[in-house]
Amino acid sequence: MTTAIVWFRNDLRLHDNPSLRAALSEHDTVVPVYLWTPAEEQPWAPGAASRWWLHHSLEQLGAELERRGGKLHIRHGQSAAALLVDLCAETGASAVYAQRCYEPMLAKQEQSAAAKLNGVGARLQLAEGQTLLPLRASTKADGSPFRVFTPFWRNFMKEYIPSPPLPAPIRITMPQRVSTNYIADLGLLPRIAWDGGLRETWQPGASSALRALDRFATERIERYGKVRDLPAVVGTSRLSPHLRFGEISPRQIAWRLWQGLQAKDISAGAHETYFRQLVWREFAFSVLHHFPQTTDRPFNSRFNDFPWPMDRDDWFTSWRRGRTGFPIVDAGMRELWHTGWMHNRVRMIVASFLTKHCGISWLAGARWFWDTLVDADLANNSMGWQWSAGCGVDAAPYFRIFNPLRQGERFDPKGEYIRRWVPELRDAPIQAIHDPQRGRSKGLFDATYPEPILDLDERRQHALAVYRETRHHPAPRHV
DNA sequence: TGTTTGTTCTA
DNA sequence: AGAACAAAC
């Protein structure tokens, strides 16, 4: 009679879960656990919005386990290694099964867990699953990591073979009585109720993730290429928070798309446009894995002493609150605050505005997103912000500065997105919706809408000058 | 997956 | 006057 621990991490699902599957097939009983050790994840412990999601996701996972005769055990402590050693002693488990995680802190966590468990005669069995391909497989011919997306993409498409997801287990058999804490005791929910918008927007949990995937794959993928850049349209998959917590695996998404393609439900073009996004995620994980310092430092060392101004708290505050006076930026920042999510096109616009026009460090933006996004993912967030700031891998050229007025006109031509999120402009005529200064004197909209906090043209010129300087900084070195 | 500016062509 | 395009940042 053998017992194993199934340690759930960023894989809060029963479907397509290789660790769960292996534990069940190799042992008589299993103890499913979630370990909450935020100190170990610093300085990137889950932010407030992610914690909200995590709470509900754990509730859902617990319910799913109970439907199959199992139960999710909760432990809270300083280190996963110590908690696992305790659990093994308490249950007599000889092995711990978990998904390998590529975030630097989580990789460190699993190394120390493996060592500690070894010390008490138990083993840590790691399974791949966070990415479509194991990251060790995604290096160039000479063994060095990719730094440009397009070659990464070509290599990926050469290596990748779609495979079907594993089914969820029918029955979970547990040993008798293992003590547990309650999810509610982890204190993941906000103390003051700011989560109303999150509750009306999202339904965390694996079954909701599967429904979302199905809706996207049947109803929306065909138009994805056409409408994915329009924030007023529900045109993207909206799977990101589910994917972040592993309520759905990238393999489940890829397989569903693949099947649709085989069945000719969708065009190859639509499939590929979306699939590229999944591979961007793979690329982000690869970069994070090979360059773990890029969560806190610019990938391009020319930016090490970049003169981010420290004295523009007023601009940063306006940006966070969605009160910059630039409608598409404010709409995005308010969507983020209300729903814990922002359309990706708008993420690029607000990031370009913060880093280039305001000249504020990408890291400040990354931290704010980290705290407010329900899909905050270390790999994607770090890569996205460094890309926007122009200091990351395959980054936007320094002169690529989004003009928020132009971007608004291009991607929200009717101003629907702006009207939805910036109520002060609800009555503004279309001629003034993207550039309210044009209609301000005529009193055509709520005058409490803020004046622009800065002069776009002047700040653009300033950014060009400062960024041009970085070219004279010491050449980048990647260690 | 950029924006601006200047030039040329067309009406 | 305005579209289409190229070049520079």
Side-chain angles (χ1 to χ4, degrees), chain A residues 146-154 156 223-233 235-237 240 269-284 287 299-300 302-303 306-307 324 326-329 331-332 342-359 362 365-366 369 375 377 379-413 417 431 434-435 437 452 454-473:
Chain A
F146 287 99
R147 288 165 196 182
V148 180
F149 177 72
T150 305
F152 181 91
W153 160 258
R154 278 198 217 105
F156 182 92
R223 300 209 310 147
Y224 177 76
K226 291 246 184 299
V227 300
R228 72 195 193 99
D229 269 321
L230 307 178
V233 177
T236 61
S237 71
S240 55
H271 175 277
E272 178 166 320
T273 308
Y274 182 77
F275 200 74
R276 269 179 92 88
Q277 299 306 307
L278 273 188
V279 179
W280 264 103
R281 176 180 176 277
E282 298 278 311
F283 184 48
V287 170
F299 172 82
N300 181 341
R302 284 188 202 274
F303 286 82
F306 191 88
T324 65
F326 295 96
I328 192 80
V329 174
M342 194 194 302
H343 188 281
N344 191 54
R345 164 57 53 179
V346 189
R347 292 189 199 196
M348 293 192 281
I349 299 171
V350 302
S352 171
F353 182 79
L354 186 76
T355 54
K356 307 249 165 119
H357 287 104
C358 299
W362 61 273
F369 270 28
D375 65 18
D377 173 286
N380 288 321
N381 198 46
S382 308
M383 166 169 283
W385 275 97
Q386 292 218 33
W387 181 90
S388 292
C391 58
V393 290
D394 206 4
Y398 75 93
F399 48 77
R400 185 180 290 165
I401 300 173
F402 289 57
N403 179 330
L405 308 182
R406 283 274 302 129
Q407 290 281 315
E409 288 163 5
R410 278 242 292 276
F411 298 110
D412 188 29
Y417 179 70
Q431 297 86 344
H434 297 293
D435 187 3
Q437 289 309 91
L454 48 77
D455 181 298
L456 278 185
D457 198 49
E458 176 209 322
R459 293 303 302 175
R460 177 169 184 272
Q461 293 306 326
H462 179 264
L464 285 170
V466 178
Y467 270 81
R468 210 164 22 234
E469 267 303 296
T470 62
R471 293 190 299 178
H472 307 305
H473 292 190

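Worth saying up front: this structure is predicted, and the values here are computed from it rather than measured. Here is the naming used below: chain letters follow the sequence lines, and residue numbers restart at 1 for every chain.
The side chain to side chain contact (heavy atoms under 4.5 Å, CB included) test with A:Val393 singles out one residue from A:Phe283, A:Phe149, A:Trp387, and that residue is A:Phe283.
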Assess whether side-chain contact (heavy atoms from CB on, under 4.5 Å) is satisfied between A:Trp362 and A:Cys391, documenting all intermediate values. CA-CA 9 Å; A:Trp362 61 273; A:Cys391 58; 3.7 Å; yes
From CA spacing to verdict: side-chain contact (heavy atoms from CB on, under 4.5 Å), A:Phe326, A:Leu454: CA-CA 10 Å; A:Phe326 295 96; A:Leu454 48 77; 3.9 Å; yes
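A:His357 approaches A:Arg459 most closely through the heavy-atom pair O-NE, 2.7 Å.
The CD1 atom of A:Ile349 sits 11.5 Å away from atom CZ of A:Arg406, with the distance rounded to the nearest 0.5 Å. Going from atom CD of A:Gln407 over to atom NE2 of A:His434 covers 11.0 Å, rounded to the nearest 0.5 Å.
Between the side chains of A:Thr470 and A:Tyr398, no donor-acceptor pair is found at a separation under 3.5 Å.
For C:dA6, the paired base is B:dT5 (Watson-Crick or G-U wobble, both distances below 3.5 Å).
Within 4.0 Å (heavy atoms only), A:Arg460 reaches at least one base atom of the nucleic acid.
On the nucleic acid side, DNA chain B has its first and last nucleotide under 4.0 Å of a heavy atom of chain A at B:dT1 to B:dT4, going 5' to 3'.
A cation-pi arrangement, defined by a distance under 6.0 Å to the six-membered ring centre and an angle within 45 degrees of its axis, is present between A:Lys356 and A:Tyr467.
Between the side chain of A:Ser352 and the backbone N or O of A:Phe402, at least one donor-acceptor pair lies under 3.5 Å. A donor-acceptor pair is defined here as one N or O able to donate and one able to accept, closer than 3.5 Å; such a pair exists between the side chain of A:Arg347 and the backbone of A:Met342.
DNA chain C lies under 4.0 Å from at least one heavy atom of each of the following residues of residues 397-410 of chain A: A:Tyr398, A:Phe399. Contacts of residues 343-353 of chain A with DNA chain B (heavy atom under 4.0 Å): A:Arg345, A:Met348.
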